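Before any comments, here is the structure.
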Amino acid sequence: MTKERVDAPDGFFEAEAAGLRWLGEPEADGGARVVRVAAVSRGRIELERIRETRATEEAARAFGAALALSHAAGAAAFGAPPAGWDGPLFIGKRPLPIAHEAGWGRFYARDRVRPYLEIAVDAGSVTMDQLPVIRAAVERVESGEFDDEEPPARIHGDLWNGNLLWDARGGVLIDPAAHGGHRETDLAMLALFGAPHLDDIVAGYDAARPLRAGWRDRIPLHQLHPLAVHAAGYGPSYGWALTDAARATLAL
């Protein structure tokens with residue numbers, strides 16, 4: 001499979017390749033499988049072809065366990081790019097800020113929600129009536145109230161169901177926005193857009209590396225980032241969803 005963009009900014013596909021390489025490092029030790037990069041250059045990336053099939057419960061459980069091991073491989077800091085990559089990061093077509101934070105909340109609020117919230121407001125996807133509750137939730141996150149003892153995880157960063165393919169061997173990750181983040185963020189994004197056999201993915205994950213108590217209640221907190229990104233580019237429906245997630249975060 002070949003992807004090309006004549007208008008790709010510097011480092012666009014190179015960042016994708018770096019993320020895939022980094023996410024793929026734990027695969028030899030049981031981590032999640034990633035699509036292989038055949039070649040990459042400015043404006044172009046060639047990837048192995050995945051012959052897709054339907055997910056099964058067994059494959060979903062195996063993928064969940066593998067994802068847990070990939071997360072456990074860790075990152076240098078919250079917001080850190082893939083090791084060895086010193087170029088830009090992207091989520092979709094938008095820039096993704098790089099950080100080197102010891103605390104999750106400050107990084108998440110500042111670099112994963114606020115930049116896209118500002119774009120969403122300018123685009124009219126978030127209204128002035130919605131903005132106060134979203135800002136209040138972001139401020140709580142930024143205060144460190146939701147920080148825990150979880151170390152920076154090696155996360156995919158854009159793990160909606162379209163970036164998780166299935167073939168005869170199981171789950172395959174594609175198109176990452178890989179960085180150091182909180183492991184619950186990847187799971188929350190899978191929940192946001194309805195991954196197949198999600199309960200089995202989570203069961204496999206939890207069996208391999210148990211999730212902290214209350215993780216289900218924190219799903220809206222970890223969906224603030226993808227919802228802000230989508231509100232920035234895909235209209236008011238995501239502004240409403242972002243507002244709902246903010247209210248749920250404030251209720252924690």
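Note that the structure is a prediction, hence the values are computed from the model and not measured.
Outside the 6.0 Å centre-distance limit, the rings of H197 and W166 are not counted as a close aromatic pair.
Closest of all the heavy-atom pairs between A178 and L89 is O-CD1, 3.9 Å. Closest non-hydrogen pair, D111 versus A99, comes out as OD2-CB, 3.3 Å. Between D167 and R33, the shortest heavy-atom contact is OD2-NH2, 2.6 Å. Residue R94 comes nearest to I119 through the heavy atom pair NH1-CD1, 3.8 Å, listed as atom of the first residue, atom of the second, then distance. Between F90 and F12 the shortest heavy-atom distance is CE1-CA, 3.5 Å. Closest heavy-atom contact between L224 and Y108: N-OH, 3.5 Å.
Taking hydrophobic clusters as Ile, Leu, Val, Met, Phe, Trp and Tyr residues chained together by side-chain heavy-atom distances below 4.5 Å, V40 does not share a cluster with W22. Follow the hydrophobic side-chain contacts under 4.5 Å out from V113 and you never reach I155; the two are in separate clusters. Both L227 and V121 belong to a common hydrophobic cluster when Ile, Leu, Val, Met, Phe, Trp and Tyr are linked at side-chain heavy-atom distances under 4.5 angstrom. Under the 4.5 Å side-chain heavy-atom criterion for grouping Ile, Leu, Val, Met, Phe, Trp and Tyr, V126 is connected to L250 within one hydrophobic cluster. Hydrophobic clustering, with ILVMFWY side chains joined whenever heavy atoms are under 4.5 angstrom apart, keeps W160 apart from V34.
Expressed to the nearest 0.5 Å, how far CG of L198 lies from CG of L192 amounts to 11.0 Å. Going from atom OG1 of T53 over to atom CZ of R169 covers 14.0 Å, rounded to the nearest 0.5 Å. Of the inter-residue distances, the one linking L190 atom CG with H156 atom NE2 reads 9.0 Å to the nearest 0.5 angstrom.
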query = Run the side-chain contact (heavy atoms from CB on, under 4.5 Å) check on M189 and Q223 step by step: do they pass?
reply = CA-CA 6 Å; M189 190 173 286; Q223 290 178 342; over 6 Å; no
request  = Determine, step by step, whether T56 and R54 satisfy the side-chain contact (heavy atoms from CB on, under 4.5 Å) criterion, reporting the C-alpha distance in whole Å, the side-chain angles of both residues, the deciding distance to 0.1 Å, and the verdict.
outcome  = CA-CA 6 Å; T56 65; R54 289 182 179 274; 5.9 Å; no
request  = Might you work through the salt bridge (Lys or Arg N to Asp or Glu O under 4.0 Å) test for E46 and K3, ending with a clear yes or no?
outcome  = CA-CA 6 Å; E46 295 179 43; K3 296 192 292 183; over 6 Å; no
ask   = Please walk me through it: do H100 and F107 pass side-chain contact (heavy atoms from CB on, under 4.5 Å)?
value = CA-CA 8 Å; H100 297 277; F107 144 74; over 6 Å; no
request  = Quick one: do H182 and W215 satisfy ring pair (Phe, Tyr, Trp, His ring centres under 6.0 Å)? Show the steps, please.
outcome  = CA-CA 12 Å; H182 198 295; W215 72 269; over 10 Å; no
inquiry  = Pair L252, F146 - check side-chain contact (heavy atoms from CB on, under 4.5 Å), show working.
reply    = CA-CA 9 Å; L252 290 174; F146 300 109; 3.7 Å; yes
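Contact check for L117 versus I134: side-chain heavy atoms found under the 4.5 Å cut-off. Using a 4.5 Å heavy-atom cutoff, the side chains of P97 and R112 are in contact. Within the 4.5 Å cutoff, the side chain of L47 has heavy atoms near those of the L20 side chain. Inter-residue side-chain proximity for E16 and V37 is flagged as unmet; no heavy-atom pair is nearer than 4.5 Å. Counting heavy atoms from C-beta outward, L211 and R183 have side chains that approach closer than 4.5 Å. For the pair L96 and D158, the minimum side-chain heavy-atom distance is 4.5 Å or more. Between M1 and E48 the shortest side-chain heavy-atom distance does not fall below 4.5 Å. Within the 4.5 Å cutoff, no side-chain heavy atoms of T249 are placed close to those of R140.
Judged by a 6.0 Å distance limit and a 45° cone about the ring axis, R44 is not positioned over the six-membered ring of F13.
Heavy-atom contacts from other residues, nucleotides or ligands closer than 6.0 Å to CZ of R106 number 12 or fewer. Residue R49 places its CZ atom among 12 or fewer non-hydrogen atoms of other residues, nucleotides or ligands, all under 6.0 Å distant. By the 6.0 Å contact criterion, CD on E145 is enclosed, its count of non-hydrogen atoms from other residues, nucleotides or ligands being greater than 12. Remark: R212 CZ is packed, more than 12 non-hydrogen atoms of other residues, nucleotides or ligands lying under 6.0 Å away.
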May I have the list of side-chain donor-acceptor pairs in residues 61-88 shorter than 3.5 Å, sequence neighbours left out?
| unit_1 | atom_1 | unit_2 | atom_2 | d |
| --- | --- | --- | --- | --- |
| R61 | NE | D200 | OD1 | 3.3 |
| S70 | OG | A32 | N | 2.8 |
| S70 | OG | A66 | O | 3.4 |
| H71 | ND1 | Y205 | OH | 2.8 |
| H71 | NE2 | D186 | OD2 | 2.8 |
| W85 | NE1 | G87 | O | 3.2 |
| W85 | NE1 | P88 | O | 2.9 |

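Checked for salt-bridge contact, E118 and R114 miss the test: no charged N lies under 4.0 Å from a carboxylate O.
No donor-acceptor pair under 3.5 Å is formed between the side chain of R154 and the backbone N or O of G181. Without hydrogens or angle criteria, E139 side chain to A136 main chain gives no donor-acceptor distance under 3.5 Å.
Remark: Y238 engages H230 in a ring-ring contact (aromatic ring centres under 6.0 Å, His included) (not counting sequence neighbours).
Looking at I174, I201, D175 one by one, the single match for side chain to side chain contact (heavy atoms under 4.5 Å, CB included) with L164 turns out to be I201.
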